[in-house]
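Nothing fancy with the numbering, it's 1 onward along the sequence. Reckoned from all heavy atoms, side chains included, excluding hydrogens, waters and symmetry mates.
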Amino acid sequence: MYEFKFIMFTLPRPAKSFSINTNSRDLDYQVSTKAILQIIRNNPQGLTLTEIAKAIDPNWTSSNCKRMFKQAIDPLCLRDEVRFTVSKTGRRVKYFPVKVSKRWLFNELVNQMLNA
């Protein structure tokens, strides 16, 4: 007659080593282009990519990857909502808004009047 063979599935072995840049904490945030635009608009003096990453994720460290933040900013640069300065090596340094937030302008005006 027919013989049934049960194939046992085995799990892969656990990793014995990891890259030094492996993330060890759980991540629970989404990189939103709209949220990054608001952060940049509220800081017209300019922000580096590291400062933007820290504004979105306060536990972010410099050993983490900034690629997803840069990819979220790229559409803003293409639509000319955000501009950036470039270093001599060709890397982006700071991001600046094309239109400044009215709330930020009003707060700066009030601060200037109070400090005068």
Side-chain angles (χ1 to χ4, degrees):
M1 293 282 172
Y2 296 106
E3 289 184 29
F4 292 104
K5 291 184 181 179
F6 292 103
I7 299 174
M8 298 298 276
F9 291 104
T10 58
L11 294 175
R13 285 185 248 159
K16 293 184 181 185
S17 64
F18 288 97
S19 166
I20 196 165
N21 293 327
T22 302
N23 184 31
S24 61
R25 65 184 180 92
D26 292 338
L27 299 176
D28 189 22
Y29 62 91
Q30 294 180 353
V31 179
S32 167
T33 301
K34 291 180 182 180
I36 289 177
L37 179 61
Q38 286 298 21
I39 290 169
I40 294 172
R41 275 192 180 162
N42 291 333
N43 296 288
Q45 69 277 11
L47 289 172
T48 63
L49 195 55
T50 303
E51 293 168 338
I52 293 169
K54 286 183 179 181
I56 291 175
D57 180 15
N59 295 325
W60 189 87
T61 61
S62 59
S63 64
N64 296 1
C65 183
K66 296 184 267 189
R67 183 180 306 136
M68 63 183 141
F69 299 105
K70 183 183 173 297
Q71 288 174 345
I73 294 173
D74 285 344
L76 298 172
C77 295
L78 289 174
R79 291 192 298 253
D80 199 33
E81 295 180 55
V82 171
R83 294 188 182 158
F84 55 88
T85 57
V86 180
S87 69
K88 291 180 182 179
T89 60
R91 301 186 91 182
R92 297 179 186 183
V93 179
K94 281 194 171 188
Y95 294 91
F96 299 92
V98 173
K99 292 175 92 178
V100 179
S101 168
K102 293 175 187 172
R103 179 177 293 155
W104 183 86
L105 283 174
F106 180 75
N107 286 338
E108 283 298 307
L109 177 66
V110 170
N111 288 336
Q112 293 294 325
M113 291 171 73
L114 291 176
N115 293 333

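Looking at L78, T33, I52 one by one, the single match for side chain to side chain contact (heavy atoms under 4.5 Å, CB included) with I73 turns out to be I52.
In this structure, the side chains of L49 and K70 come closer than 4.5 Å at one or more pairs of heavy atoms.
Around atom NZ of K94, more than 12 heavy atoms belonging to other residues, nucleotides or ligands sit under 6.0 Å away.
Within the model, atoms CD1 of I39 and NZ of K54 stand 14.0 Å from one another, a figure rounded to the nearest 0.5 Å. Taking CG of D74 as the reference point, atom CD of Q71 lies at 7.0 Å (rounded to 0.5 Å). Note that CZ of R41 is 9.5 Å distant from NZ of K102, once rounded to the nearest 0.5 Å. A distance of 9.5 Å separates CD of E108 from CG of N115, quoted to the nearest 0.5 Å. A distance of 9.5 Å separates CE of M68 from CD1 of I36, quoted to the nearest 0.5 Å.
Residue L76 is not grouped with residue V98 when hydrophobic side chains (ILVMFWY) are merged at heavy-atom distances under 4.5 angstrom, including chains of intermediate members.
Counting only distance, with no hydrogens or angles, the side chain of N42 and the backbone of Q38 share a donor-acceptor pair below 3.5 Å. Judged purely by atom type and a 3.5 angstrom limit, S87 has no side-chain atom pairing as donor or acceptor with the backbone of V93.
Residues A53 and F69 share a closest heavy-atom pair of CB-CE1, 3.6 Å. Contact between F96 and I40 at its shortest, heavy atoms only, is C-CG2, 3.9 Å.
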Problem - Steps toward side chain to side chain contact (heavy atoms under 4.5 Å, CB included) verdict (W60, T50) - result: CA-CA 9 Å; W60 189 87; T50 303; 3.5 Å; yes
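Other members of the cluster containing M113 are L109, with ILVMFWY side chains joined at under 4.5 Å, either directly or via other members. Counting side-chain heavy-atom gaps under 4.5 Å among Ile, Leu, Val, Met, Phe, Trp and Tyr, the cluster of F106 also holds V110, L114.
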